[in-house]
There are 2 protein chains.
Amino acid sequence: MGLTKTAIFTERQNKLAQMMKALAHPARIAILQHLVKAQVCICGDLVEELGLAQATISQHLKELKNAGLIQGTIDGTSVCYCIDPKVWNEYKVAIDAFFVSYVNKDGCC
Amino acid sequence: MGLTKTAIFTERQNKLAQMMKALAHPARIAILQHLVKAQVCICGDLVEELGLAQATISQHLKELKNAGLIQGTIDGTSVCYCIDPKVWNEYKVAIDAFFVSYVNKDGCC
DNA sequence: TTCTATTATCGTAATATTGCGATATAGTAT
DNA sequence: ATACTATATCGCAATATTACGATAATAGAA
């Protein structure tokens with residue numbers, strides 16, 4: 001049916017999956033990497049940097065904003081985007097905790 | 001068009017996005033968490049644990065297997081799944097590197 | 001062999017995502 | 001006001017994902 005059964009899973013599982021989803025596209029990875037590098041929040045240069053249409057970039061930016069990972073501040077006619085340090089860290093911690101939870105006891109099947 | 005333009009991005013970006021995609025579903029998170037907890041590789045108990053149909057679980061297991069995160073060994077009529085420690089670590093390292101790359105210089109917009 | 005149990009695959013329906021042209025919106029400049 | 005610039009949103013087409021019933025495939029038991 002194409003509809004994820006969120007009710008079945010724990011809130012943690014749903015949240016973690018949603019975090020991953022926000023990062024599950026190369027364009028969004030590229031946007032974030034660009035923001036990491038540029039620090040000084042750049043905006044629609046992304047349209048030139050990546051080879052995607054302005055509408056497409058805007059859509060990805062919206063998703064990243066919904067995910068909380070970036071903030072946008074209006075600066076004249078343009079919009080200045082930057083990473084939200086707090087949310088970025090939340091992601092980092094949550095995802096790291098997931099990966100750390102597994103310790104290889106080497107006894108597989 | 002619904003087709004991700006992989007050619008535009010670097011291999012690293014595509015790989016990282018694909019890693020995230022493999023984990024971007026609560027059922028797959030749940031499956032992995034169960035395997036982490038059980039260690040002693042359990043198989044289709046997952047169908048009972050999670051409230052999803054057998055066909056659905058099998059499909060998610062296939063995706064995790066394609067992602068390299070899990071291995072399946074035939075054990076009688078059932079299949080014994082377990083986490084692949086090597087690939088798990090690769091994911092951990094790659095994703096951690098992504099998150100570590102950002103250091104908040106606090107000068108946002 | 002026949003029956004049973006377990007897992008994989010197929011086919012299909014419902015929904016989600018991706019990408020972009022066209023258009024709207026908002027700010028600035030003339 | 002008009003013109004220009006930069007973003008956002010709308011609407012659509014193409015493709016992907018999710019879920020599951022039905023069916024196949026495989027291994028062991030009777």
Side-chain angles (χ1 to χ4, degrees), chain A residues 1-9 13-14 17-32 34-35 41-67 70-82 109, chain B residues 1-9 13-14 17-32 34-35 41-67 70-82 109:
Chain A
M1 312 177 184
L3 185 143
T4 300
K5 288 189 160 184
T6 49
I8 295 180
F9 308 103
Q13 289 168 337
N14 284 317
Q18 203 145 19
M19 286 179 177
M20 299 296 192
K21 209 176 200 173
L23 300 167
H25 195 286
R28 292 195 289 276
I29 295 284
I31 288 172
L32 290 171
H34 189 83
L35 286 177
C41 333
I42 293 186
C43 54
D45 315 84
L46 293 162
V47 179
E48 288 180 35
E49 286 285 329
L50 322 186
L52 291 171
Q54 181 265 323
T56 308
I57 298 286
S58 193
Q59 198 175 301
H60 282 301
L61 285 170
K62 192 182 174 187
E63 282 177 67
L64 288 172
K65 218 161 66 178
N66 286 342
I70 64 172
Q71 291 175 328
T73 328
I74 297 170
D75 177 29
T77 61
S78 56
V79 176
C80 175
Y81 282 105
C82 61
C109 302
Chain B
M1 311 178 182
L3 187 143
T4 299
K5 289 190 161 182
T6 48
I8 294 180
F9 308 102
Q13 289 168 336
N14 285 317
Q18 204 146 17
M19 286 181 177
M20 299 295 192
K21 211 177 199 174
L23 299 167
H25 195 285
R28 293 195 288 276
I29 295 284
I31 289 171
L32 290 171
H34 190 83
L35 286 176
C41 330
I42 293 186
C43 53
D45 315 84
L46 292 163
V47 179
E48 289 181 34
E49 285 285 330
L50 322 186
L52 290 171
Q54 182 266 322
T56 309
I57 297 287
S58 192
Q59 200 174 298
H60 283 300
L61 285 169
K62 192 182 174 187
E63 281 176 70
L64 289 171
K65 217 161 68 178
N66 285 343
I70 64 172
Q71 291 176 326
T73 328
I74 297 169
D75 176 28
T77 60
S78 56
V79 177
C80 175
Y81 280 105
C82 60
C109 303

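Bear in mind that the values here come from a model prediction, so they are computed numbers and not experimental data. Only this structure's heavy atoms are used, side chains among them; waters, hydrogens and symmetry mates stay out. Every chain is numbered from 1 and lettered A, B, ... according to where its sequence line falls, protein lines coming before strand lines.
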(request) For the pair B:Asp75 (side chain) and B:Cys80 (backbone), establish whether a donor and an acceptor sit closer than 3.5 Å, ignoring hydrogens and angles. (result)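 Here the side-chain-to-backbone pair does not exist.
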(message) By the 4.0 Å heavy-atom rule, please label B:Ser78 as base, sugar-phosphate, or nothing.
(response) sugar-phosphate
(message) Under 4.0 Å, counting only non-hydrogen atoms across every strand here, what does A:Ala55 touch: a base, just sugar-phosphate, or nothing?
(response) base
As a test of reading the structure: which of [options] is closest to the side chain of [X], going by heavy atoms?
X       : options                : result
B:Ser58 : C:dA16, C:dT9, D:dT9   : C:dT9
B:Glu63 : D:dT18, C:dT18, C:dG21 : D:dT18
B:Leu52 : D:dC20, D:dT9, C:dC20  : D:dC20
B:Gln59 : D:dC20, D:dA16, C:dG19 : D:dC20
B:Thr4  : C:dG21, C:dT18, D:dA8  : C:dT18
B:His60 : D:dA19, D:dT9, C:dA8   : D:dA19

(request) Please list all pairs passing the side chain to side chain donor-acceptor pair (under 3.5 Å) test where one or both residues lie in residues 51-63 of chain A, with sequence neighbours left out. (result) A:Arg28-A:His60, A:Arg28-A:Glu63
Measure from [atom1] on [X] to [atom2] on [N] and round the result to the nearest Å.
X       : N      : atom1 : atom2 : answer
A:Lys62 : C:dG19 : NZ    : P     : 16 Å
A:Gln18 : D:dT18 : CD    : P     : 13 Å
A:Asp45 : D:dT7  : CG    : C1'   : 13 Å
B:Ile57 : C:dT6  : CD1   : P     : 15 Å
B:Asn66 : D:dA16 : CG    : C1'   : 15 Å
A:Leu61 : D:dT9  : CG    : C1'   : 14 Å
A:Lys5  : C:dA13 : NZ    : P     : 19 Å
B:Met20 : C:dT17 : CE    : C1'   : 18 Å

Can you name the closest pair of heavy atoms from [X] and [Y] and give their distance?
X       : Y       : answer
A:Asn14 : A:Thr6  : ND2-O, 3.0 Å
B:Leu35 : B:Ile70 : CD1-CG2, 3.7 Å
B:Leu50 : B:Ala30 : CD2-CB, 3.8 Å
A:Leu52 : B:Phe9  : CD1-CZ, 4.0 Å

(request) Report the residue (A:Val79 or A:Thr6) whose heavy-atom-nearest nucleotide on DNA chain D is the more 5′ of the two. (result)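 Closer to the 5' end of DNA chain D: A:Val79.
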Does OP1 or OP2 of [N] have a side-chain N or O of [X] closer than 4.0 Å?
X       : N      : value
A:Lys21 : C:dT17 : yes
B:Tyr81 : C:dA8  : yes
B:Thr56 : D:dC20 : yes

(request) Determine the sole option in A:His34, A:Lys65, A:Gln71 for which the side chain to side chain contact (heavy atoms under 4.5 Å, CB included) test with A:Tyr81 is passed. (result) A:Lys65
(request) Could you list the residues that satisfy salt bridge (charged side-chain N to carboxylate O under 4.0 Å, His left out) with A:Glu49, not counting sequence neighbours? (result) none
(request) Kindly calculate the angle separating the two end axes of the helix from C:dT1-D:dA30 to C:dT30-D:dA1, each obtained from five base pairs, and round it to 10 degrees. (result) 10°
Please output the side-chain donor-acceptor pairs of residues 19-27 of chain B that fall under 3.5 Å, not counting sequence neighbours, one pair per line with the distance.
residue	atom	partner	partner atom	Å
B:His25	ND1	B:Ala27	N	3.0
B:His25	NE2	A:Thr4	OG1	3.4

(message) Counting C-beta onward and ignoring hydrogens, is there a side-chain heavy-atom pair between B:Ile31 and B:Leu61 closer than 4.5 Å?
(response)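 Result yes, sub-4.5 Å side-chain heavy-atom pair found.
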(request) Would you give the length of the straight line joining atom CG of A:Leu32 to atom CG of A:Leu64, rounded to the nearest 0.5 angstrom? (result)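 Reported value, rounded in 0.5 Å steps: 5.0 Å.
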(request) Could you run through nucleotides 23-30 of chain C and give me one letter per nucleotide, 5' to 3': B if any protein heavy atom sits under 4.0 Å from the base, S if only the sugar-phosphate is that close, - if neither? (result) ----BS--
(message) Looking at A:Ile8, I'd like to know if its CD1 atom is crowded, meaning that more than 12 non-hydrogen atoms belonging to other residues, nucleotides or ligands lie closer than 6.0 Å.
(response) yes
(request) Output the residues of residues 23-31 of chain A in contact with DNA chain C, where contact means a heavy atom of the residue under 4.0 Å from an atom of the strand; sort by number or write none. (result) A:His25, A:Arg28
